[in-house]
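Okay, so here's the structure we're looking at.
Remember, it's 1-based here, ligands and their atoms both numbered in the order they're listed.
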Amino acid sequence: MIDSLLIANRGEIARRITRTAKRLGIRTIAVHSEIDRDMPFVREADEAVCIGPAPAKESYLNADRIIEAAMRTGAKAIHPGYGFLSENADFAERVTASGLIWVGAPAASIRAMGLKDAAKKRMIAAGVPVTPGYLGEDQADERLQREADAIGYPVLIKAVAGGGGKGMRRVDGAAEFSAALASCRREAVAAFGDERVLLEKYILSPRHIEVQVFGDKHGNVVHLFERDCSLQRRHQKVIEEAPAPGMDASTREAVCQAAVQAARAVDYVGAGTIEFIADASDGLRADRIWFMEMNTRLQVEHPVTEAITGQDLVEWQMLLASGEPLPLRQEQLSINGWAMEARLYAENPSTGFLPSVGRLSHLKFPDGIRVDSGVEEGNEISAYYDPMIAKLISHGATRQDAARRLARAAAGVEVWPVRTNAAFLARTLDHPDFRAGAVDTGFIERHATDLVPPAEPSERVLQAAARAILPKPGRDIWTTGSGFRMNAPSSREIGVEVGGAAYRVELHDEGEPAVTDAGVLFVDGEAWAYGPPRAGYAGGSAGHSDGAIVAPMPGRVIALMVAKGDRVTRGQPLAVIEAMKMEQTLSAPFDGVVSEMKVLADAQVVEGGILMQLEGDQ
Ligand code: ADP
Ligand code: ADP
Ligand code: MG
């Protein structure tokens with residue numbers, strides 16, 4: 001059995017693994033980058049080794065340094081978590097070649113499933129139903145266009161080496177194909193160093209259904225039922241649940257058996273997930289669920305499976321890596337209740353979900369549910385890594401129960417000054433269509449206006465802010481100084497500043513007391529700076545654009561569509577910036593001419609950095 005473990009990852013998953021290791025009496029070794037020195041996952045491990053500077057390539061992806069750290073600390077095994085090196089077959093081989101135990105899938109299984117086209121070919125051979133499409137070697141533009149036409153639109157172009165929702169383009173008609181192909185290839189090369197693509201029929205009313213599987217070194221494979229991860233934004237999971245709504249027993253049996261068959265076909269050992277895409281236009285039906293890809297690692301959303309099965313999946317991984325047989329047989333596993341997970345991200349829904357980085361000066365998670373987080377108050381969300389702050393996980397007797405609890409928890413999240421999607425999560429979890437189980441991967445986009453909190457403070461926020469600036473009872477609330485002043489006492493109207501803008505609020509008597517901290521108000525998962533109106537505050541919103549095209553977040557300039565002297569029209573795309581898993585296109589705010597270029601393609605820019613200057617038409 002493993003008695004010491006090096007965890008080659010960071011944040012919440014490193015802490016998650018440490019927790020199980022501690023319970024099993026296993027000594028843990030954390031590896032970390034220079035900027036992660038003071039993070040909780042480092043402190044909680046028995047030992048820690050700094051393996052390099054902040055950029056992941058120089059630390060968390062630095063195989064040499066990680067193996068060296070394992071040797072130096074006498075670790076017996078390496079757990080890669082998810083992301084980073086978890087699906088890197090060469091690394092898995094190096095780990096075992098160094099005499100260490102790899103707590104992950106065998107290198108051969110990772111390779112078999114690593115590229116989406118090869119994996120699908122293998123699954124076809126194994127008799128697993130796969131999404132119809134084109135998997136050919138011929139990558140010529142004309143050939144791909146012809147194949148797409150033959151498949152019939154909409155078509156999905158996917159990078160064969162893709163992952164994390166990147167390198168994918170939906171194409172709705174032949175005319176859009178070549179532009180989408182170019183953009184998909186550009187992203188694929190940048191993110192995965194491989195520009196090859198495959199084509200898939202775009203499934204309408206798509207639901208993402210995945211099955212947790214485990215294999216041991218004795219040839220046994222079991223499944224731990226399905227998860228539904230259809231609530232996605234830009235192909236990235238936001239809310240996951242288990243079991244899947246509307247899944248009947250025979251459909252479950254069929255999809256779970258297909259997953260077991262897929263795992264067997266690659267002699268799978270350890271934890272893995274088989275992802276399927278379902279056409280749910282007529283409910284979930286066994287003959288409309290197709291293999292999409294396999295993730296040969298522990299999944300971000302594994303806690304919902306833990307909740308409904310009562311098993312510790314990291315413990316299973318450790319047992320299987322040590323060569324033990326599966327701890328339970330298929331018939332010993334069953335589903336208990338319903339579980340849901342929401343990913344709390346450092347991003348701002350009202351600016352199109354731009355990442356929000358910085359120090360978590362205030363951070364408070366709700367009580368009463370499982371919270372898997374890598375950060376504590378005072379830690380920093382940096383632009384170097386994934387912007388996930390936490391996973392909130394609820395478990396209830398029924399789906400409604402789990403949803404209600406998770407919605408309440410999301411609404412109770414307090415984070416400042418980093419922006420989060422907490423209010424967006426709460427609104428999604430409370431949405432009547434979500435509650436009715438009417439989910440598919442287009443849900444978020446379709447309901448965006450209901451789900452994204454308005455940029456202006458709601459009446460509830462204004463009421464709470466107004467109440468919060470009221471002086472304590474016993475004082476004359478209508479005449480106290482310090483900026484607060486009644487306009488017309490009879491109407492109980494007071495002035496208050498929220499989010500930098502001044503408002504007049506007619507105060508209602510009812511309403512619960514607001515949660516506030518140092519001039520910040522927390523309501524329904526939203527966070528607003530508030531206070532008495534500043535003297536001389538002029539009001540009004542931001543002025544007109546001065547023509548400076550500014551980076552809204554730190555990142556890399558991946559495309560410049562214009563050059564100095566070019567004439568541009570309002571709304572025309574000028575540049576594309578990439579940061580933290582997303583591309584952001586910057587467009588011209590008015591008609592004019594590019595009077596100055598401040599950056600070259602591929603340049604790194606800081607938040608607020610000027611990319612170019614436009615001069616408006618007279
Ligand atoms: P899962 O399939 O487990 O639900 P994802 O597909 O979102 O999760 O990716 C797994 C993890 O891999 C992410 O949480 C993230 O840490 C990492 N990851 C995925 N894509 C990227 C990327 N482009 N850059 C950095 N990390 C990534
Ligand atoms: P990744 O490796 O980035 O996770 P996947 O192949 O798993 O890529 O696809 C990610 C998401 O894209 C899926 O969860 C689903 O929402 C959507 N998707 C993938 N393939 C299809 C398809 N053929 N039709 C419709 N949606 C799809
Ligand atoms: Mg996937």
Side-chain angles (χ1 to χ4, degrees), residues 82-84 86-88 105 110 112-124 128-135 147-148 151-172 180 184 187-188 190-192 194 196-213 226-241 244 255 259 262 271-281 284 288-302 341 343 386 439-446 581-583:
Y82 55 70
F84 296 129
S86 61
E87 295 182 273
N88 183 321
I110 299 177
M113 292 297 196
L115 294 175
K116 292 183 200 286
D117 56 341
K120 285 179 69 179
K121 285 179 190 160
R122 188 108 178 213
M123 291 301 109
I124 292 170
V128 176
V130 309
T131 330
Y134 171 72
L135 305 169
E147 295 289 346
I151 293 166
Y153 297 93
V155 158
L156 195 60
I157 311 176
K158 276 189 191 178
V160 301
K166 292 196 96 180
M168 248 183 284
R169 293 290 182 282
R170 175 183 164 157
V171 187
D172 287 309
C184 188
E187 190 169 304
F192 314 109
D194 185 339
R196 286 175 302 151
V197 298
L198 60 80
L199 304 177
E200 272 181 15
K201 174 98 199 140
Y202 189 89
I203 305 301
L204 296 171
S205 301
R207 274 177 65 181
H208 176 117
I209 305 285
E210 58 180 38
V211 178
Q212 177 70 56
V213 294
E226 82 280 3
R227 296 181 284 256
D228 188 311
C229 311
S230 299
L231 263 281
Q232 304 183 347
R233 207 179 64 75
R234 299 169 127 248
H235 306 302
Q236 289 174 34
K237 299 162 186 168
V238 179
I239 292 171
E240 303 103 338
E241 59 186 299
V255 67
T273 294
I274 316 288
E275 295 190 333
F276 296 89
I277 191 92
D279 168 358
S281 51
L284 289 177
R288 294 197 187 166
I289 302 183
W290 301 276
F291 171 89
M292 196 161 51
E293 66 160 346
M294 179 172 192
N295 293 329
T296 49
R297 56 172 162 88
L298 188 67
Q299 202 93 340
V300 174
E301 57 275 18
H302 75 277
E341 173 183 284
R343 301 191 190 189
D386 191 279
V439 293
D440 64 63
T441 63
F443 184 95
I444 288 177
E445 209 178 305
R446 201 161 55 242
K581 280 188 165 187
M582 68 180 291
E583 281 188 13

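The pair Arg227-Glu341 does not count as a salt bridge, with every side-chain nitrogen at least 4.0 angstrom from each carboxylate oxygen. A salt bridge does not link Glu187 with Lys166: none of the charged nitrogens is closer than 4.0 Å to a carboxylate oxygen.
Close approach of ligand 2 to Gln232 (heavy-atom distance below 4.0 Å) involves ligand atoms 11 (C), 13 (C), 14 (O), 15 (C), 16 (O). Remark: ligand 2 atoms within the under-4.0 Å shell around heavy atoms of Thr131 are 23 (N). Each of the following atoms of ligand 2 lies closer than 4.0 Å to a heavy atom of Glu200: 20 (N), 21 (C), 22 (C), 23 (N).
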Worked check of side-chain contact (heavy atoms from CB on, under 4.5 Å) between Tyr153 and Asp172
CA-CA 5 Å; Tyr153 297 93; Asp172 287 309; 5.6 Å; no
Residue pair Gln299, Glu210: steps toward the side-chain hydrogen bond (donor to acceptor under 3.5 Å, both in side chains) verdict
CA-CA 10 Å; Gln299 202 93 340; Glu210 58 180 38; 3.3 Å; yes
Checking Glu240 against Arg343 for the side-chain contact (heavy atoms from CB on, under 4.5 Å) test, could you report, in this order, the C-alpha distance in whole Å, the side-chain angles of both residues, the deciding distance, and whether it holds?
CA-CA 9 Å; Glu240 303 103 338; Arg343 301 191 190 189; 2.8 Å; yes
Verdict with supporting geometry, Glu275 and Cys229, side-chain contact (heavy atoms from CB on, under 4.5 Å):
CA-CA 10 Å; Glu275 295 190 333; Cys229 311; over 6 Å; no
Are Gln232 and Thr441 close enough, and set up right, to give a side-chain hydrogen bond (donor to acceptor under 3.5 Å, both in side chains), and what steps lead you there?
CA-CA 6 Å; Gln232 304 183 347; Thr441 63; 5.2 Å; no
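Counting just the N/O/S atoms of Glu275, the one with the shortest distance to the Mg ion (ligand 3) is named OE1. The atom of Glu293 nearest to the Mg ion (ligand 3) is OE2, with the search restricted to N, O or S atoms.
Assignment of Lys237 to the shell around ligand 2 is not supported, since no heavy atom sits closer than 4.0 Å.
In this structure Arg196 satisfies the salt bridge (charged side-chain N to carboxylate O under 4.0 Å, His left out) test together with Asp194, sequence neighbours excluded.
Between Pro206 and ligand 2, not a single N/O pair is under 3.5 Å apart. Considering backbone and side-chain N/O atoms, His208 comes within less than 3.5 Å of an N/O atom of ligand 2. In terms of N/O distances under 3.5 Å, ligand 2 is approached by Ile203. Checked by distance only, ligand 2 and Met292 stay at 3.5 Å or farther apart across all their nitrogen or oxygen atoms.
Residue nearest to atom 9 (O) of ligand 2, selected from Gln236, Met168, Glu87, His235: Met168 (by heavy-atom distance).
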